[in-house]
K.L.:
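Below is one structure. I have some questions about it.
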Amino acid sequence: MVQDIRVIGTGQLLELSARLRRAGHENIRSSFHRRIRRAAEPLRDDLQDAIRRLDIRSQGRGAGKRGGRSPTTRPLRRSIAAAIRISVRNTGNPGARVWLDKGLLPPDIPMGVVNRLNEGRLRHPVFGNKRRWAQQNATPLWWDRTVRSHHDRITREVGRVADDVRRHLE
């Protein structure tokens, strides 16, 4: 699940990245990389908090229905929060990307579960029984709203970083 924040003037980032490479200023490049990462860290932290606090509700069992403890001891929300990552690139398509690393999700939590949670509705078989399904509801668009709330701040910060690096190269 990747929600892009498009910064207007990304051509400026490409041009700036090429100038950094040509100039060979490793300390400026590492500073550029570090500051872009720092701009994205609050978004990652807020996404992790949003999934940890996400209210997932179900209708519950009716009177007289069988039930029991979950066969897994690993919490769903904590597992998803741990899989949210940041990657920063200085070349090619420079910038930061906050994404969900499906390689860090446990094998029994497919990527579709996270997408369905963002839609606000999760249907799943009851304890793996494909003949019996349950539906759980969550607050919809938790990922999208969190990303949107950080858009302006990240755009300003990336612009500030690009201006500082450009000034340093001139």
K.L.:
Spell out, as yes or no, whether a donor-acceptor pair under 3.5 Å connects the side chain of Arg35 to the backbone of Ala162.
P.N.:
no
K.L.:
Within the 4.5 Å heavy-atom criterion, are Asp164 and Val161 side-chain neighbours or not?
P.N.:
no
K.L.:
Quick check against the 3.5 Å criterion: does Thr146 have a side-chain atom that pairs as donor or acceptor with the backbone of Trp142?
P.N.:
yes
K.L.:
Counting only heavy atoms not in Arg78, do more than 12 fall under 6.0 Å of its CZ?
P.N.:
no
K.L.:
Starting from the C-alpha separation in whole Å, work towards a yes-or-no answer on side chain to side chain donor-acceptor pair (under 3.5 Å) for Arg153 and His150.
P.N.:
CA-CA 5 Å; Arg153 183 194 54 77; His150 283 267; 3.1 Å; yes
K.L.:
Shortest non-hydrogen contact from Val98 to Trp143?
P.N.:
O-CZ2, 4.0 Å
K.L.:
Please determine if Arg116 and Glu119 form a salt bridge, counting it only when a charged side-chain N lies under 4.0 Å from a carboxylate O.
P.N.:
yes
K.L.:
Can you tell me how far apart CG (Asp55) and CD (Gln136) are? Round to the nearest 0.5 Å.
P.N.:
10.5 Å
K.L.:
Check whether Leu141 and Leu122 end up in the same hydrophobic cluster, where Ile, Leu, Val, Met, Phe, Trp and Tyr are linked by side-chain heavy atoms less than 4.5 Å apart.
P.N.:
no
K.L.:
Would you say Asp101's side chain and Ile84's backbone share a donor-acceptor pair under 3.5 angstrom?
P.N.:
no
K.L.:
What distance do Arg53 atom CZ and Asp46 atom CG have between them, rounded to the nearest 0.5 Å?
P.N.:
7.5 Å
K.L.:
Quick one: pull up CZ in Arg89 and CZ in Arg97 and give me the separation to the nearest 0.5 Å.
P.N.:
9.0 Å
K.L.:
Please lay out, stage by stage, how Leu100 and Leu105 fare under the test side-chain contact (heavy atoms from CB on, under 4.5 Å).
P.N.:
CA-CA 9 Å; Leu100 190 73; Leu105 286 174; 4.2 Å; yes
K.L.:
Decide yes or no on side-chain contact (heavy atoms from CB on, under 4.5 Å) for Leu54 and Ile51, but give the supporting numbers first.
P.N.:
CA-CA 5 Å; Leu54 187 65; Ile51 187 64; 3.7 Å; yes
K.L.:
Salt bridge (charged side-chain N to carboxylate O under 4.0 Å, His left out) for Arg38 and Glu41? Distances and angles first, verdict last.
P.N.:
CA-CA 5 Å; Arg38 279 192 193 145; Glu41 283 174 351; 5.5 Å; no
K.L.:
If you round to the nearest 0.5 Å, how far is CD1 of Ile86 from CG of Asp45?
P.N.:
7.0 Å
K.L.:
Taking all non-hydrogen atoms of both residues, which atom of Leu104 and which atom of Ala82 are closest, and how far apart?
P.N.:
CD1-O, 4.1 Å
K.L.:
Which heavy-atom pair separates Ser87 from Trp99 by the least distance, and what is that distance?
P.N.:
OG-NE1, 3.4 Å
K.L.:
Restricting to non-hydrogen atoms, name the atom on Ala39 and the atom on Ile154 that form the minimum distance, rounded to 0.1 Å.
P.N.:
O-CG1, 3.6 Å
K.L.:
Within this structure, what is the NE2-CZ distance for the pair His124 and Arg132, rounded to the nearest 0.5 Å?
P.N.:
11.5 Å
K.L.:
Would you give the length of the straight line joining atom CG of Leu43 to atom CZ of Arg148, rounded to the nearest 0.5 angstrom?
P.N.:
12.5 Å
K.L.:
Quick check: closest heavy atoms across Arg77 and Arg52, and the distance to 0.1 Å?
P.N.:
CD-O, 3.9 Å
K.L.:
Assess whether side-chain contact (heavy atoms from CB on, under 4.5 Å) is satisfied between Leu76 and Val113, documenting all intermediate values.
P.N.:
CA-CA 10 Å; Leu76 172 70; Val113 168; 4.3 Å; yes
K.L.:
Check step by step if side-chain contact (heavy atoms from CB on, under 4.5 Å) holds for Asp163 and Arg167.
P.N.:
CA-CA 6 Å; Asp163 289 344; Arg167 242 189 332 271; 4.2 Å; yes
